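Notes for the one structure printed next.
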Amino acid sequence: MKVRTRFAPSPTGYMHIGNLRTALYEYLIAKTNGGDFILRIEDTDQKRFVEGAEEIIYNTLKRVGMNWDEGPDIGGNYGPYVQSERKPLYAEYAHKLVELGGAHYCFCSAKEADEQKDDEQNIKFKDPCKHLSLEEARARIAAGEPYVIRQTVHKTGTSVFHDVVYGDIEIDYDELDEGVLLKSDGFPTYNFANVVDDHLMEITHVVRGNEYISSTPKYNLIYEDFGWTPPVYVHVPQVMKDAQHKLSKRNGDASFQDLVAKGFLPEAVLNYICLLGWNPGTDEEIFSLEDLKKVFKMERINKSPAIFDITKLTWMNGCYIRALSSEAFHEMALPYYKQVITRELNFKVLSEVLQPRTEVLGQIPEEIKFLENVADYSVELYNNKKMKTDPEVAKKTLALAYEALKEQSSWDNDTLFAALKALAEKEGLKNGQILYPVRIALSGRETTPGGATELAVILGKEETLKRISEALQKLA
RNA sequence: GGUCCCAUCGUCUAAUGGUUAGGACACCACCCUUUCACGGUGGCGAUACGAGUUCGAAUCUCGUUGGGAUCACCA
């Protein structure tokens, strides 16, 4: 049987990290088994629908290269792939389930049911409608009375099911509540739509967060009552913000699109989240989606929750940035340059200097804004013990450097560095006594991406000489 | 509260009864070096606790503690 997995998000306007990781695992389980990955939109809750949310889902999956084989936009043999378009189907199956004894009509209001139950005291809603005869129930429906269809838990004892990650799980049937399957607006709940669709779409592996573990026996009961075969279950642990809280939009935690907006590369984010709760069993950590298709094994998914660590993602993003071709990096970095730079610079050299130093693209503007303007700085900066410089030394060496640089006709790093090095030798100075002050003069900062001569190349001859003479005035 | 699940360095994790408990991030030190970074070398640092089974336990069993999930006409 062909492996088929599905990613079934509800369009609530946001793709969070845990969701994306679930999608990744679903994709990989399909692709490592030569199967199909299906996209299904679960929009049965009309109140939560967010305009444009579907687009975010499509764009995110496309951005990371997880192409779906069937879905709302491209169709397939098991459509439609949007649950609101499948509405009549659920009603049909729900009524059928009533006939099969797996569900019953209920005329109680949501409020009535809610008032009866008590979580603390473990009191469940006991539906009086359960005892209505089918004829009576149908008569009331025919009379126009609003109703829902509730699941009937008709078994006792212990339900056992197997999960790829968690092993065998046992839950007593009397723990199961008889939840609503078909709402009074005619839409199914997740609990029902999910089972019907997974069956009709021939989904073989259901991958979802482990918060569904406790309701899985209810779903299995539905499969059983219909005479259908349940899927293989792969419940995955939560992705946490810290030991107590899971990542969520409410906490203001970063979504995939937030991370990308901050300058994280989609490939790096995907690589990182894959390793949250899964590992290949080797020491390797850097994996492209193509690599993962070769090494992923669902049996190696962990049971315990994993905390999302932005520091490690940042490191990994740096790895991806360094692995970029210099052209690719340059192109990606350019928009960030433009945020703070209006003057003409040697951007090509700037990119060469920045690439090994950049971990997140969003850091770039802050790192380079001194190239646009030198912020006011204290002459104390010229004090550096290791370089054996102070404002007095700087005054002298900057003047020498000015003259030496003024005479240079070719303006590249090797030439400039050789010239200043030769100057130091000639004057009996340490390299640093010239280079350090020049770097301060050009940047006004204690540390900079690149050294003195690299900054000079980036700034160009005219601006370099201008900044050195301004520094000399400051030191005078 | 009932039920279910989880528990190795700060974090992500490896070790499917026998390892000086391994790797990665972070941190620290040193090397490289025109500052910073990159790169290299090294260091710090964990089996939650208590019993049991066993020649031998991070690993199996039980208990304790801690955490999480679930108990919607949300998914």
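Below, all heavy atoms of this structure are taken into account, side chains as well, without hydrogens, waters or symmetry copies. The chains referred to below are lettered A, B, ... by the order of the sequence lines, with proteins before strands, and numbering in each begins at 1. What you see is a predicted model, and the numbers here were worked out from it, not measured in a lab.
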Expressed in whole Å, how much space separates the [atom1] atoms belonging to [N] and [M]?
{"N": "B:U3", "M": "B:U20", "atom1": "P", "result": "43 Å"}
{"N": "B:G18", "M": "B:A51", "atom1": "C1'", "result": "23 Å"}
{"N": "B:G1", "M": "B:U54", "atom1": "P", "result": "37 Å"}
{"N": "B:A58", "M": "B:A75", "atom1": "P", "result": "47 Å"}
{"N": "B:G63", "M": "B:G2", "atom1": "P", "result": "15 Å"}
{"N": "B:A57", "M": "B:A69", "atom1": "C1'", "result": "30 Å"}
{"N": "B:G67", "M": "B:C27", "atom1": "C1'", "result": "27 Å"}
{"N": "B:G23", "M": "B:G43", "atom1": "P", "result": "9 Å"}

So which nucleotide from [options] ends up closest to the side chain of [X]?
{"X": "A:Ser304", "options": "B:U11, B:A14, B:A7", "answer": "B:A7"}
{"X": "A:Asp119", "options": "B:U35, B:U11, B:C71", "answer": "B:C71"}
{"X": "A:Lys124", "options": "B:A75, B:C71, B:C6", "answer": "B:C71"}
{"X": "A:Tyr190", "options": "B:A75, B:C73, B:G2", "answer": "B:A75"}
{"X": "A:Ile171", "options": "B:C73, B:C4, B:A24", "answer": "B:C4"}
{"X": "A:Asp283", "options": "B:G23, B:C25, B:U13", "answer": "B:G23"}
{"X": "A:Arg322", "options": "B:G2, B:C74, B:C38", "answer": "B:C38"}

Given that both distances must come in under 3.5 Å, which nucleotide forms a Watson-Crick or G-U wobble pair with [N]?
{"N": "B:G50", "result": "B:C62"}
{"N": "B:G2", "result": "B:U70"}
{"N": "B:A57", "result": "none"}
{"N": "B:A14", "result": "none"}
{"N": "B:G39", "result": "B:C31"}

Touch check for [X], heavy atoms < 4.0 angstrom, all strands: base, sugar-phosphate only, or nothing?
{"X": "A:Arg300", "answer": "sugar-phosphate"}
{"X": "A:Phe417", "answer": "base"}
{"X": "A:Thr282", "answer": "nothing"}
{"X": "A:Cys108", "answer": "base"}
{"X": "A:Asp163", "answer": "nothing"}
{"X": "A:Glu120", "answer": "base"}
{"X": "A:Met387", "answer": "sugar-phosphate"}
{"X": "A:Asp172", "answer": "nothing"}
{"X": "A:Thr311", "answer": "sugar-phosphate"}
{"X": "A:Glu170", "answer": "sugar-phosphate"}
{"X": "A:Ala306", "answer": "sugar-phosphate"}
{"X": "A:Gly277", "answer": "sugar-phosphate"}

Per the atom types in the model, does the base of [N] pair as donor or acceptor with the side chain of [X] at under 3.5 Å?
{"X": "A:Lys312", "N": "B:A24", "answer": "yes"}
{"X": "A:Thr448", "N": "B:C36", "answer": "no"}
{"X": "A:Arg439", "N": "B:U34", "answer": "no"}

Distance below 4.0 Å between [X] side-chain N/O and [N] OP1 or OP2:
{"X": "A:Asn191", "N": "B:C74", "value": "no"}
{"X": "A:Asn279", "N": "B:A14", "value": "yes"}
{"X": "A:Thr189", "N": "B:C74", "value": "no"}

Inset, instruction - Would you please indicate yes or no on a ring centroid separation below 6.0 angstrom for A:Tyr93 and A:His199? - result: no

Inset, instruction - May I ask you to check whether A:Trp278 and A:Phe296 place their ring centers less than 6.0 Å from one another? - result: yes

Inset, instruction - Identify the residue among A:Phe7, A:Tyr81, A:Tyr58 that makes a ring pair (Phe, Tyr, Trp, His ring centres under 6.0 Å) with A:Trp68. - result: A:Tyr58

Nearest whole angstrom, please: distance from the [atom2] of [N] to the [atom1] of [X].
{"X": "A:Gln363", "N": "B:C36", "atom1": "CD", "atom2": "C1'", "result": "13 Å"}
{"X": "A:Asp43", "N": "B:C73", "atom1": "CG", "atom2": "P", "result": "19 Å"}
{"X": "A:Ile368", "N": "B:A37", "atom1": "CD1", "atom2": "P", "result": "19 Å"}
{"X": "A:Arg6", "N": "B:A75", "atom1": "CZ", "atom2": "P", "result": "14 Å"}
{"X": "A:Lys386", "N": "B:C30", "atom1": "NZ", "atom2": "C1'", "result": "12 Å"}
{"X": "A:Trp315", "N": "B:A37", "atom1": "CH2", "atom2": "P", "result": "18 Å"}
{"X": "A:Leu181", "N": "B:C73", "atom1": "CG", "atom2": "C1'", "result": "11 Å"}
{"X": "A:Asp174", "N": "B:C71", "atom1": "CG", "atom2": "P", "result": "17 Å"}

Legend entry - Lys/Arg cation over aromatic A:Tyr377: A:Lys474, 6.0 Å, 45° cone: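 Positive - A:Lys474 is close enough to the ring of A:Tyr377 and near enough to its axis.
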
Inset, instruction - Determine, stepwise, if the pair A:Glu392 / A:Lys396 fulfils salt bridge (charged side-chain N to carboxylate O under 4.0 Å, His left out). - result: CA-CA 7 Å; A:Glu392 280 310 306; A:Lys396 182 180 134 202; over 6 Å; no

For nucleotides 65-69 of chain B, give me every protein contact, N/O to N/O, under 3.5 Å, one pair per line with atom names.
{"from": "B:G67", "atom 1": "O2'", "to": "A:Ala243", "atom 2": "O", "distance (Å)": "3.4"}

Inset, instruction - Please indicate whether A:Glu145 has more than 12 foreign heavy atoms, meaning atoms of other residues, nucleotides or ligands, lying under 6.0 Å from its CD. - result: yes

Inset, instruction - Check the side chains of A:Ser255 and A:His16 for a donor-acceptor pair under 3.5 angstrom, ignoring hydrogens and angles. - result: no

Could you check whether any side-chain N or O of [X] sits under 3.5 Å from a backbone N or O of [Y], counting only pairs where one atom can act as donor and the other as acceptor?
{"X": "A:Tyr25", "Y": "A:Cys274", "value": "yes"}
{"X": "A:Asp127", "Y": "A:Cys106", "value": "no"}
{"X": "A:Gln116", "Y": "A:Lys126", "value": "yes"}

Inset, instruction - From the options A:Arg150, A:Lys218, A:Lys124, select the one residue that forms a side chain to side chain donor-acceptor pair (under 3.5 Å) with A:Asp177. - result: A:Lys218

Inset, instruction - Find which nucleotide of RNA chain B each of A:Ser109 and A:Thr447 is nearest to by heavy atoms, and output the residue with the more 5' nucleotide. - result: A:Thr447

Inset, instruction - Using a strict 4.0 Å threshold on nitrogen-to-oxygen distance, state whether A:Arg40 and A:Glu42 make a salt bridge. - result: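 A:Glu42 and A:Arg40: salt-bridged.
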
